[in-house]
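These notes are about the structure you will find just below.
Not measured: the values here are computed from a predicted model.
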Amino acid sequence: MSFVETTRRGRVLEVTLNKPKVNAIDIEMSRQMGRAFAELRDDPDLWCAILTGSGEKIFSAGWDLKALNAGEMELDNWWEEDYGIGGFAGLTENWNLNKPVICALNGLAIGGGFEIALSCDLIIAGDHVEFGLPEMPLGIVPDAGALQRLPRRIPHNIAMEMFLLGRRMTSQEAAHYGLVNKVVPKGQELEAAREWADQIASSAPLAMQSVKEVQRAIECRPLQQAFAHMREGDLPTYRKMLTSEDAKEGVAAFVERRDPVFKGR
């Protein structure tokens with residue numbers, strides 16, 4: 001059974017979670033998501049992606065606790081099970097996906113659903129959306145990305161509130177902290193994401209991909225070391241971009257006062 005729908009819209013891959021009622025993610029759904037983002041990674045005709053959920057109330061409730069309780073998944077060393085390419089949900093540990101992913105949040109992002117959103121590059125949320133990490137009352141912790149990423153995105157003490165107290169955060173508060181890029185009226189999330197995706201898909205793809213590759217490689221490095229690693233480290237996409245046809249085309253188009261025609265090479 002397919003729980004993940006993919007649609008190609010020009011150079012944009014749209015990925016929709018479709019496992020009613022709450023898009024809870026078990027191992028099979030995670031593998032399907034991994035295959036979707038592998039398609040994005042490997043297809044040179046795809047330059048970016050949008051991730052959203054079916055329905056209107058919940059983007060994703062995260063880990064499928066019913067499957068866990070039924071013994072279909074393990075809690076101890078859960079990451080040793082085969083969740084597919086990119087780890088849980090295909091994104092949380094996808095270290096070689098350089099193409100941008102926009103998350104169009106159409107409903108609650110809870111637990112692992114929140115961690116999926118944190119794994120995306122841009123987040124657009126409806127004004128009704130809330131974020132929450134309800135793991136603590138269950139005797140577990142959000143260890144598929146929230147513990148690692150959230151304190152780097154918002155103030156540490158606010159992240160601790162969400163971890164320890166389980167309190168929810170509105171999309172407006174998330175935007176205040178810079179966790180969400182844009183808040184739109186309910187029902188307009190996908191339209192707004194498509195506008196951004198079309199803009200990204202009109203830019204030079206190697207340059208876009210270089211941004212992700214370099215950012216990932218220099219994260220947490222001191223400034224001087226970050227410069228040195230960018231210039232001397234193993235960054236194949238960045239090196240390819242510097243000598244690409246698109247780089248030459250972009251400069252020529254600027255000088256000639258015309259729109260560039262990028263080809264991804």
Side-chain angles (χ1 to χ4, degrees), residues 4-5 12 14-25 33 37 48-63 65 88-92 100-138 141-200 212 215:
V4 179
E5 299 176 354
V12 179
E14 295 186 357
V15 180
T16 303
L17 309 182
N18 188 22
K19 187 185 175 190
K21 298 179 180 178
V22 297
N23 292 325
I25 297 167
M33 293 179 70
F37 289 109
C48 67
I50 296 172
L51 173 63
T52 191
S54 60
E56 298 180 352
K57 295 183 178 180
I58 298 180
F59 164 69
S60 173
W63 217 23
L65 296 180
F88 174 73
L91 278 178
T92 56
V101 179
I102 303 170
C103 189
L105 287 176
N106 58 311
L108 297 176
I110 303 297
F114 188 6
E115 292 176 305
I116 296 169
L118 285 169
S119 304
C120 296
D121 302 291
L122 298 167
I123 302 176
I124 295 174
D127 54 14
H128 65 300
V129 168
E130 293 185 346
F131 302 86
L133 297 168
E135 286 83 356
M136 194 63 65
L138 305 176
V141 297
D143 58 353
L147 287 174
Q148 296 87 345
R149 291 186 170 100
L150 189 59
R152 301 185 185 196
R153 307 284 179 84
I154 66 176
H156 176 82
N157 59 321
I158 303 300
M160 293 301 286
E161 278 187 43
M162 300 190 74
F163 292 144
L164 301 179
L165 302 178
R167 70 103 161 167
R168 290 189 179 184
M169 177 179 288
T170 66
S171 55
Q172 291 81 6
E173 184 182 2
H176 168 74
Y177 290 124
L179 180 63
V180 164
N181 297 89
K182 188 176 185 180
V183 177
V184 298
K186 180 180 179 180
Q188 297 183 19
E189 304 89 6
L190 187 56
E191 177 185 353
R194 283 172 172 168
E195 289 180 7
W196 281 8
D198 289 344
Q199 183 175 342
I200 290 172
K212 288 193 66 171
Q215 285 290 305

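- Remark: Thr92 engages no residue in a side chain to side chain donor-acceptor pair (under 3.5 Å) (not counting sequence neighbours).
- In this structure a side-chain-to-backbone donor-acceptor pair under 3.5 Å is missing from Thr16 to Ser54.
- For Arg194, the salt bridge (Lys or Arg N to Asp or Glu O under 4.0 Å) partners two or more places apart in sequence, or in a different chain, are Glu14.
- Residues passing the side chain to side chain contact (heavy atoms under 4.5 Å, CB included) test with Met160, sequence neighbours excluded: His156, Phe163, Leu164.
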Throw together a table of side-chain donor-acceptor distances under 3.5 angstrom for residues 174-181, partners on residues two or more places apart or in other chains.
{"unit_1": "Asn181", "atom_1": "OD1", "unit_2": "Ile123", "atom_2": "N", "d": "2.7"}

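- Using modelled atom types, no side-chain atom of Glu189 and backbone atom of Ala104 make a donor-acceptor pair closer than 3.5 Å.
- The salt bridge (charged side-chain N to carboxylate O under 4.0 Å, His left out) analysis of residues 122-132, with sequence neighbours excluded, yields the pairs Glu130-Arg168.
- Among pairs with a residue in residues 111-132, those fulfilling ring pair (Phe, Tyr, Trp, His ring centres under 6.0 Å) read Phe114-Phe131, at least two apart in sequence or across chains.
- The salt bridge (Lys or Arg N to Asp or Glu O under 4.0 Å) check on Asp143 picks up nothing, with sequence neighbours excluded.
- For the side chain to side chain donor-acceptor pair (under 3.5 Å) test, residues two or more places apart in sequence or in another chain that qualify with Glu5 are Asn18.
- Residues meeting the side chain to side chain donor-acceptor pair (under 3.5 Å) test with Lys212, sequence neighbours left out: Asp121.
- Within the structure, salt bridge (charged side-chain N to carboxylate O under 4.0 Å, His left out) contacts touching residues 170-188 (residues at least two apart or in different chains) are Arg167-Glu173.
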Q: Decide yes or no on side-chain contact (heavy atoms from CB on, under 4.5 Å) for Asn23 and Phe59, but give the supporting numbers first.
A: CA-CA 7 Å; Asn23 292 325; Phe59 164 69; 5.9 Å; no

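- Side-chain atoms of Glu195 do not come within 3.5 Å of backbone N or O of Ala192 as any donor-acceptor pair.
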Q | Leu190 vs Asn106, side-chain contact (heavy atoms from CB on, under 4.5 Å): CA-CA, chis, key distance, verdict | A | CA-CA 8 Å; Leu190 187 56; Asn106 58 311; over 6 Å; no

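- The side chain to side chain contact (heavy atoms under 4.5 Å, CB included) test applied to Leu165 returns Glu161, not counting sequence neighbours.
- In this structure Ala24 satisfies the side chain to side chain contact (heavy atoms under 4.5 Å, CB included) test together with Val22, Asp64, sequence neighbours excluded.
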